[in-house]
Number of protein chains: 2
Amino acid sequence: MVKTLRLNRDRVLRAAIELADEIGLEQLSMRRLAQELDVVPMALYKHVANKDELIDGMLDMIVTEIDPPGPGAEWKPAVRQRILSARRAMLRHRWASRAIEMRQAPTPAILAYLNSVIGILRAGGLSANLTHHVMHALGSRVLGFTQELYTPGDAREAPDMTPFPHVLEIAMAAAHENDSIVGGGCDDQFEFEFALDVLLDGFERLKDQNWTSTPIRYG
Amino acid sequence: MVKTLRLNRDRVLRAAIELADEIGLEQLSMRRLAQELDVVPMALYKHVANKDELIDGMLDMIVTEIDPPGPGAEWKPAVRQRILSARRAMLRHRWASRAIEMRQAPTPAILAYLNSVIGILRAGGLSANLTHHVMHALGSRVLGFTQELYTPGDAREAPDMTPFPHVLEIAMAAAHENDSIVGGGCDDQFEFEFALDVLLDGFERLKDQNWTSTPIRYG
DNA sequence: ACCTGAACACCGTTCAAGT
DNA sequence: ACCTGAACACCGTTCAAGT
């Protein structure tokens with residue numbers, strides 16, 4: 001590999017994303033990235049302050065991939081569509097959700113995305129109060145991912161499940177349901193949309209009954 | 001500190017939990033833990049296979065702190081109570097949720113806990129099919145935590161929010177609501193229970209209408 | 001202005017050796 | 001059986017120096 005181009009922030013971030021796509025976030029190190037760019041580790045520090053700031057920059061690029069909101073639709077399909085688009089971006093870069101989990105403050109691009117989702121909800125008639133709780137309830141799901149407790153596809157050496165018959169039965173229910181899917185695992189996309197729709201339907205119901213957490217005080 | 005006791009797995013795990021409670025999971029290293037136990041780093045490897053297995057052991061201890069299920073109640077309050085008890089355990093050890101996020105497979109104690117929650121749902125009349133989707137929809141929330149996108153209390157140097165007016169409005173809604181809370185932050189416990197109840201109510205509705213994801217085929 | 005080289009203060013984990 | 005010491009192959013980041 002010939003060092004043709006001068007280093008710059010954009011080239012560093014793109015190379016970092018590509019590398020993370022390949023080897024995963026855990027394996028991504030400043031030294032490995034420098035090696036990939038055919039440069040000494042310290043050269044990177046001219047363009048990113050440190051590793052945390054590198055990851056922030058990578059995330060900002062990924063989040064910018066999320067489709068812009070479509071033309072005027074109802075709030076529920078509009079939010080649904082944006083979240084499913086965010087999910088597609090996260091699936092293109094499997095390390096991104098873990099990176100977001102690691103960060104403590106949202107990056108500017110994430111703030112812009114959240115701002116737009118909140119805007120859709122408010123324009124759809126949800127009160128500021130309800131919207132606030134709705135955003136908390138969505139949590140990371142608003143960015144298209146959730147924390148799964150078990151990764152069912154990866155049953156390399158499944159532990160003995162006989163002490164946990166209920167878990168086994170539930171796993172069986174999934175396997176039976178998805179004969180079509182190789183390996184009989186869960187349909188993650190279905191599970192994601194299932195939970196999302198339970199939440200969105202719940203929010204709609206609360207909106208329709210003018211739910212609020214601030215009690216109205218008389219007198 | 002005098003080395004009075006022989007090392008054993010239990011003592012290693014307890015010291016590791018105590019240390020993580022103090023300095024956080026990020027700062028916990030095999031070397032630091034060894035130092036705390038007044039022992040050379042390699043001595044630990046006689047009692048835990050490696051760092052991952054150490055963290056698994058720590059998690060198993062925390063999860064065992066979760067209250068056992070109370071006597072025969074309706075499935076909804078019973079599940080709710082277990083999840084809120086799990087949440088209390090997680091709040092006692094703030095590093096635990098991050099540790100669970102890092103693991104790829106559930107520990108035995110987590111499996112046992114999940115098994116018991118699934119058992120409550122099944123005994124309450126939810127089908128295996130619905131219960132499967134319900135468990136996915138709960139995700140990490142079943143263990144009492146969720147991935148928040150912003151940590152609102154920690155506004156040490158808040159970025160300029162004028163480009164994100166909707167985010168600002170929502171944050172204001174929270175601040176206005178919680179005059180009582182110092183700093184005007186969100187009431188995390190309220191947010192957690194809000195989302196949990198939206199989900200549980202949604203699940204109950206699906207149960208009552210005999211919802212299933214497997215289409216019934218005629219003929 | 002941008003890149004380099006050496007060094008610092010750490011990691012997790014191996015191996016062979018001690019008691 | 002349990003603990004030790006030295007070493008290996010890594011980290012992120014500093015600093016002073018090069019061009």
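Below, chains carry the letters A, B, ... as their sequence lines are ordered, and counting in each starts from 1. A quick note: this is a predicted structure, and the numbers were derived from the prediction, not measured.
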Problem set entry | Residues B:Arg92, B:Asp21: salt bridge by 4.0 Å N-O rule | no
For this session: Mind checking which stems touch DNA chain C? I mean at least 3 consecutive Watson-Crick or G-U pairs, both distances under 3.5 Å.
Result: C:4-8 with D:12-16, C:12-16 with D:4-8
Spacing of [X] atom [atom1] relative to [N] atom [atom2], expressed in whole Å:
X	N	atom1	atom2	value
B:Gln35	C:dA9	CD	P	15 Å
B:Met30	D:dC10	CE	P	20 Å
B:Glu26	C:dC10	CD	P	17 Å
B:Asp38	D:dT4	CG	P	9 Å
A:Ile55	D:dG12	CD1	P	9 Å
A:Gln27	C:dG12	CD	P	15 Å
B:Leu37	D:dC3	CG	P	10 Å
A:Leu33	D:dC11	CG	C1'	14 Å

Seminar exercise, completed: With B for base contact, S for sugar-phosphate-only contact and - for none (protein heavy atoms under 4.0 Å), nucleotides 14-19 of chain D reads BB----
Exercise. Among pairs that include at least one residue of residues 24-33 of chain A, which meet side-chain hydrogen bond (donor to acceptor under 3.5 Å, both in side chains), considering only residues two or more places apart or in two chains?
Worked result: A:Arg32-A:Glu36
For this session: May I ask you to evaluate whether A:His47 reaches the phosphate of C:dC2, defined as a side-chain N or O under 4.0 Å from OP1 or OP2?
Result: no
Exercise. Under 4.0 Å between a side-chain N/O of B:Lys51 and OP1 or OP2 of C:dG12, yes or no?
Worked result: yes
Problem set entry | Non-neighbouring partners of B:Arg80 that pass side chain to side chain donor-acceptor pair (under 3.5 Å), sequence neighbours left out | B:Glu193, B:Asp197
Problem set entry | Which residue lies more 5' along DNA chain C, comparing B:Asn50 with A:Ala43 via nearest heavy atoms | A:Ala43
Exercise. Which residue lies toward the 5' end of DNA chain C, A:Arg31 or A:Val40, if each is placed at its nearest nucleotide?
Worked result: A:Val40
For this session: Determine, using ring centers only, whether B:His133 and A:Phe190 are less than 6.0 Å apart.
Result: yes
Problem set entry | P-based separation of D:dA9 from C:dA9 [nearest Å] | 22 Å
Problem set entry | Residues in salt bridge (Lys or Arg N to Asp or Glu O under 4.0 Å) contact with A:Glu53, at least two apart in sequence or another chain | A:Arg9
Seminar exercise, completed: salt bridge (Lys or Arg N to Asp or Glu O under 4.0 Å) pairs touching residues 40-49 of chain A, sequence neighbours excluded, are none
Seminar exercise, completed: Checking D:dC3, D:dT13, C:dG12 against the side chain of B:Lys46 (C-beta onward), the nearest is D:dC3
